[in-house]
*Asks:* 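After the structure tokens below, expect a handful of questions from me.
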Number of protein chains: 4
Amino acid sequence: MTPILPEAVPVARRRGRPRDAQAEQAILTATVDLLGEVGFATLSIEAVAARAGVARPTVYRRWPSKLELVIDAVIRMAPPVSSDITDDPRADLLHLVSRLVADMTSAPVGRAILALTGEADKHADLARRLADDYLAPRRAALAEVLRRAVGSGELNPDVDIDLMLDLVLGAPTYRWLTTGRPVDSRSARAVVEAVWEMARVGPIAR
Amino acid sequence: MTPILPEAVPVARRRGRPRDAQAEQAILTATVDLLGEVGFATLSIEAVAARAGVARPTVYRRWPSKLELVIDAVIRMAPPVSSDITDDPRADLLHLVSRLVADMTSAPVGRAILALTGEADKHADLARRLADDYLAPRRAALAEVLRRAVGSGELNPDVDIDLMLDLVLGAPTYRWLTTGRPVDSRSARAVVEAVWEMARVGPIAR
Amino acid sequence: MTPILPEAVPVARRRGRPRDAQAEQAILTATVDLLGEVGFATLSIEAVAARAGVARPTVYRRWPSKLELVIDAVIRMAPPVSSDITDDPRADLLHLVSRLVADMTSAPVGRAILALTGEADKHADLARRLADDYLAPRRAALAEVLRRAVGSGELNPDVDIDLMLDLVLGAPTYRWLTTGRPVDSRSARAVVEAVWEMARVGPIAR
Amino acid sequence: MTPILPEAVPVARRRGRPRDAQAEQAILTATVDLLGEVGFATLSIEAVAARAGVARPTVYRRWPSKLELVIDAVIRMAPPVSSDITDDPRADLLHLVSRLVADMTSAPVGRAILALTGEADKHADLARRLADDYLAPRRAALAEVLRRAVGSGELNPDVDIDLMLDLVLGAPTYRWLTTGRPVDSRSARAVVEAVWEMARVGPIAR
DNA sequence: TTATAAACGAGACGGTACGTCCTGTCTTTTA
DNA sequence: TAAAAGACAGGACGTACCGTCTCGTTTATAA
């Protein structure tokens, strides 16, 4: 996606010199790297351009602000949605939750989300983009696991899947948010097991 | 608290002109106001000083950085810990959770926490201060409610109170974090009721 | 004149799409207009191209720099050399001097000359071009008037015509240069009359 | 003179940290040097600040534009008005004219005057400043020499001193302006002698 | 009472980064 | 093969804040 001048239909190519795909990639990589190294606040477009070996206006031509660049970079550089589904849905749930929480609280992604939420009122468009392109597919994979478990009779059919996901993802994320420490696997496992048990015996009412 | 030159014991007062308490209050107020208006990223010491009617060095004399100022302001301006305890612990829980989540996700406090977490690795001291002076007392009030409910037999005595609090606080906070929208009371109620039910019938094992 | 790719002989036409003569004219006109409106320093190739309705590289294809473009435009757009010679050489002198000084100190031409002189050391070629194509023919017309006056006995035969022209052109130009104000006709007349008188009675020795 | 905030009366000092006189001098020196080396067009505030060992905003704090800086620098760094008056007014005239023309057509001063005249309509204030602080005193010294010569009977009492000065200064300056070459002493002498002779025998009428 | 010490405002300092504009060049499609 | 369109690397622009400093002034305590 090219935010400023969206990619035209492939048939009728845009006129003039096309944008350099290498430059684009270099900028995104530099952004994610620097985000991990120095954080969002300290990150400067200047430094991104320098590390990418690109002139500063080349960055501005594509992304109108630091926040847009960072969100875009994070979404496009995020690890793909995992879909290794086994016949043990509880293990699958733990695995997917651990991966998503680890990614969300990792340096680049987490910092982008925090920065975005901090200014959310001004950037509804970006928030939606992050929700649609990053969170939604990952949440869908989790929901699929739970739906299967319901289908196979392992979980109570009345369970509210969205609520369950908020609990299982929210608890570890909250710890990270209020302590700054990465989430350890033991506590992630405890959360998943508790919520699973809840959903098995039934009390998570819709 | 005066971070740089800690308040001496009242007996042997420091010589020279004492610090202006009005200036201090004006700075804190300006900080919280601006934090709500423009966000953390856009907030500048320059603007705080201007709004407080104070010279810039007067701010720096007391707080060494924007982040310290903001954390300090947020802690000192936060609404006091509520302690209206009734004989309905489930209602108390809902009430306290709603208040804390609302405060944490409000403009000034939420933005401070997000900014801090985003740079957590560099600011362990500030993170601890926020944990000790803001979160700990509020969490303690919540824990007290749950302990009483255990004592009165309303909740399973094996319940892991910390885990329960992470769930009940984490789920609403997570929604806010991933959508930017303030938490509505309906979903807060759903979360509290689900977790309460879990803890009643027992499966939140220690 | 096409500085970079000189106009080929008309017989063997160059291959491919020929240059657009309208574009050339539009560029020159835009240059002179903008020179008068915003001055040399503020003039940009970008603005010239925009006003001429032409792509920027089309300008660069023909003129390698702003200065070359401006000098070229000024020479080609300058009013033609006047040659209305009467039988009153003193009046002819005044007329020609007034015209030349007015042109030289007018917005486009004057600004070009000033810009060129300011960087004269780097642009000997352009300076020569301006001297040969603009100043020389105008000075020649003036010299012709003086030579005729010498021939008819109105002026001392020993007069140094070059010196006389430097005096009669230099004095008004100097006023303009040091005040920025256009030369008024009264003072131009005073200068011409004084120098004429000098040359009549003789003291401008070769 | 400090252009933006003019030097207050020495009694009532300006408040706040006073400006660094060394920085000011370093900036002026760097400006004049660079003006001579690279010319007005190529001169950048950036380069001035770098050479002066000063931050860029420090330059902008005092001079709002390149042109103001250059004019100010040229005026303040110009060699002082010479006043070596002998009992040979014609020699004095030649000497003063040569000095002034040489200075005016030298790299820094000449380039400043050219740049200013090129944009004169926008900068009436600067033009006046240059006229008052640089040209006027030098012209006054020349006028004084001529007045003495009139007083001693060497020149015709009806001579128009201003016209005479325009001629004697204008002719050499014009040569420089139209050729870019510095004025040689031989032609300066020829001009002075011609004008002197004119003024001696009388025809430069008021 | 009078030093003395430290706060105060004002504002300059060296810096960094901003986001924009223009430079001159290069690449692509269209004519 | 020129023209238009537009991206490229690069450099400077003028501005906003940063965090520090130097002032002259004010206000308390300590001598």
*Asks:* Can you tell me if B/R19 touches the phosphate of F/dT26, counting only side-chain N or O atoms and a distance under 4.0 Å to OP1 or OP2?
*Replies:* no
*Asks:* Please tabulate, one pair per line, each protein N/O and nucleotide N/O from nucleotides 11-14 of chain F that are separated by under 3.5 Å, including the distance.
*Replies:*
unit_1 : atom_1 : unit_2 : atom_2 : d
F/dA12 : N6     : A/R56  : NH2    : 3.4
F/dC13 : OP1    : D/I45  : N      : 2.8
F/dC13 : OP2    : D/E46  : N      : 2.9
F/dG14 : OP2    : D/Y60  : OH     : 2.6
F/dG14 : N7     : D/R56  : NH1    : 2.7
F/dG14 : O6     : D/R56  : NH1    : 3.1
F/dG14 : O6     : D/R56  : NH2    : 3.1

*Asks:* Return yes if some donor-acceptor pair links the side-chain N/O of B/R76 with the main-chain N/O of B/L28 below 3.5 Å, else return no.
*Replies:*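 No.
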*Asks:* Assign each of D/A23 and B/D20 to its nearest nucleotide of DNA chain E by heavy atoms, then name whichever residue's nucleotide is nearer the 5' end.
*Replies:*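 Comparing both residues, the 5'-ward one is B/D20.
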*Asks:* Under 4.0 Å between a side-chain N or O of B/T58 and OP1 or OP2 of E/dG9?
*Replies:* yes
*Asks:* To the nearest Å, how far apart are A/E24 CD and F/dA9 P?
*Replies:*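 Computing the A/E24:CD to F/dA9:P distance gives 12 Å.
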*Asks:* Output the rounded distance in Å from CH2 (C/W63) to P (E/dG24).
*Replies:* 15 Å
*Asks:* Could you tell me the separation between the CZ atom of B/R62 and the P atom of E/dA6, rounded to a whole number of Å?
*Replies:* 15 Å
*Asks:* When you measure from the side-chain N and O atoms of A/R61 to the phosphate of F/dC8, is any distance below 4.0 Å, counting only OP1 and OP2?
*Replies:*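 Checking F/dC8 against A/R61, a side-chain N or O does come within under 4.0 Å of OP1 or OP2.
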*Asks:* Taking all non-hydrogen atoms of both residues into account, name the closest pair between D/R111 and D/L35 and its distance.
*Replies:* NH1-O, 2.9 Å
*Asks:* Are side-chain heavy atoms of A/V70 and A/W63 found at a separation under 4.5 Å?
*Replies:*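 In short, these two side chains do not touch, never coming nearer than 4.5 Å.
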*Asks:* Kindly compute the distance separating CD (A/E119) from OG1 (A/T117), expressed to the nearest 0.5 Å.
*Replies:* 10.0 Å
*Asks:* Between the base of F/dC8 and the side chain of A/R17, is there a donor and acceptor pair under 3.5 angstrom?
*Replies:* no
*Asks:* How close do D/E68 and D/L126 get, heavy atom to heavy atom, and via which atoms?
*Replies:*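 Answer, listing the atom of D/E68 first, then D/L126: OE1-CD2, 3.7 Å.
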*Asks:* Send over the distance from A/R15 CZ to E/dT30 C1', rounded to a whole Å.
*Replies:*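 After rounding, the gap between these two atoms is 6 Å.
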*Asks:* Roughly, in whole Å, what's the span from CD in A/E68 to P in E/dG19?
*Replies:*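 To the nearest whole Å, that distance equals 12 Å.
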*Asks:* Would you call D/R62 and D/D20 a salt bridge, using N to O less than 4.0 angstrom?
*Replies:*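 No, this pair does not count.
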